Q: 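Before we start, here is the structure in question, set down as structure tokens.
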Amino acid sequence: MKIVVNGEAAEIRAATLSELLGELGYAEAIVATALNGAMVRKAKRNDTPIAEGDRVEILAPMQGG
Amino acid sequence: MDAMTSTTATADPVEFYGTRVTSRLLLGTAQYPSPAILAEAIRASAAEIVTVSLRRESGVARSGQSFWQLIRDLGVKVLPNTAGCKTVKEAVTTAEMARELFDTPWIKLEVIGEDDTLQPDVFGLVEAAKILTRDGFQVFPYTTEDLIVADKLLSAGCEVLMPWGAPIGSGRGLNNPYGLRSMRAHFPRVPLVVDAGVGVPSHAAAAMELGYDAVLLNTAVAKAGDPVKMARAFALAIEAGREGFRADPMETRDMAAPSTPVMGQAHFG
């Protein structure tokens, strides 16, 4: 299925947000997630299905001023 | 930090939302030549609070993970920002994600109104501050020196105000000392932090001499030829400015007044 991850098109097999993180190499990483513009808490990732055309944001701590 | 600095700082702590710190320098973590220099600069600055952000992470490079490990190893408190957000929705969503990621209710709230100056959109700022404080956040708003905006931010629940010295990254210092002095006078009990635009240590000292409680800066240290030395220079300047303020400076005057006694001066003519 085709979705958009961090602004880039991706072809994925995952059915949920947590599966998506595993599939794309984020396993065990400290990240925050949003689906279609709304934050999805870590505890909700297992129950959050991914659908065709979804926009996912995966953010991590970064340098800032 | 050396004995002189730590001794005086201990006697004069500052409090943000009930959290007491001894260093009045809040340091940004961006744009350093290397992670090692960043870590060394934070140590040299003696800062106890550093700003961080959150950005898209690559599942391959995972660069955010090593950065976060470096910050955690330093044992400093983090103040996440909403840098780059231009709408209330963006800022609020970013704040929510930062709270989960960094496990802190603190948020340096930026709602940027314009690209050339990175000037705060104060209307969006007040609206976002209301939403976030209602949701339990402890908001550090990046604002201007406008007194009415400041009042509205306080009414929204902010307990700290962070007016700009000059546009972010400009290094111009305090563009409006009168406005900053006026803000200090209007809100004598609110912790006030000059945030942004500071270029050299004397700018930071000047902010402290105005009675500001702290200074937040990033580029001035990160882009210095020797960031570690500059970090220490800022720590000393902020300490000196604060002590100068507490020492109650003399009044300025237009005409000269001899400092050496006139009485008893010899006459040779």
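Keep in mind it's a predicted model, so treat the numbers as computed, not measured. To find a chain, count down the sequence lines: A is the first, B the second, and so on, and within it residues start at 1.
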Q: Which atoms of B:R55 come close to chain A, meaning under 4.5 Å heavy atom to heavy atom: side chain ones, backbone ones, both, or neither?
A: both
Q: Does a sphere of radius 6.0 Å around CZ in B:F123 hold more than 12 heavy atoms from other residues, nucleotides or ligands, not counting ones at 6.0 Å or beyond?
A: no
Q: Measuring from atom CE of B:M97 to atom CG of A:L59, what distance do you get when rounded to the nearest 0.5 angstrom?
A: 4.0 Å
Q: Any chance CG of B:D73 has more than 12 other-residue heavy atoms, nucleotides or ligands included, within less than 6.0 Å?
A: yes
Q: Using a strict cut-off of less than 4.0 Å between a Lys/Arg side-chain nitrogen and an Asp/Glu carboxylate oxygen, indicate whether A:E57 and B:R56 qualify as a salt bridge.
A: yes
Q: Quick one: pull up CD1 in A:I30 and CG in B:L54 and give me the separation to the nearest 0.5 Å.
A: 13.0 Å
Q: State, to 0.1 Å, how close B:F102 and A:P61 come at their nearest heavy-atom pair, and which atoms those are.
A: CE2-CB, 3.6 Å
Q: Report the option among B:T93, B:N81, B:T219, B:T94 that has the most heavy-atom pairs separated by less than 4.5 Å from atoms of chain A.
A: B:N81
Q: So which of A:A32, A:G25, A:A60 has the biggest tally of heavy-atom pairs under 4.5 Å with chain B?
A: A:A60
Q: Among B:L38, B:V52, B:I71, B:L101, which has the most heavy-atom pairs under 4.5 Å with chain A?
A: B:L101
Q: Does CD belonging to A:E52 count more than 12 external heavy atoms closer than 6.0 Å?
A: yes
Q: May I ask you to decide whether A:R45 forms a salt bridge with B:E100, counting only side-chain N to carboxylate O separations under 4.0 Å?
A: yes
Q: In terms of heavy-atom proximity below 4.5 Å to chain A, should B:E110 be classed as side chain, backbone, both, or neither?
A: side chain
Q: As an exercise: rank B:P35, B:G59, B:G28 by heavy-atom pairs under 4.5 Å with chain A and give me the winner.
A: B:G59
Q: Let me see the working for A:M62 and B:T29 under side chain to side chain contact (heavy atoms under 4.5 Å, CB included), right down to the final yes or no.
A: CA-CA 9 Å; A:M62 208 61 71; B:T29 56; over 6 Å; no
Q: Between chain A and each of B:S53, B:G64, B:G84, count heavy-atom pairs under 4.5 Å; write down the option with the most.
A: B:S53
Q: Against chain A, label B:S58 side chain, backbone, both or neither, depending on which of its atoms sit under 4.5 Å from a heavy atom there.
A: backbone
Q: Could you measure the distance from the OH atom of B:Y32 to the CD atom of A:Q63? Nearest 0.5 Å is fine.
A: 10.5 Å
Q: Would you indicate whether B:R172, at its atom CZ, is surrounded by more than 12 heavy atoms from other residues, nucleotides or ligands within a distance under 6.0 Å?
A: no
Q: Side chain, backbone, both or neither: which part of A:L24 has an atom under 4.5 Å from a heavy atom of chain B?
A: backbone
Q: Heavy atoms only: give me the nearest B:A30-A:G65 pair and the separation to one decimal.
A: CB-N, 4.4 Å
Q: To the nearest 0.5 Å, what is the distance between CD (A:E28) and CZ (B:R62)?
A: 8.0 Å
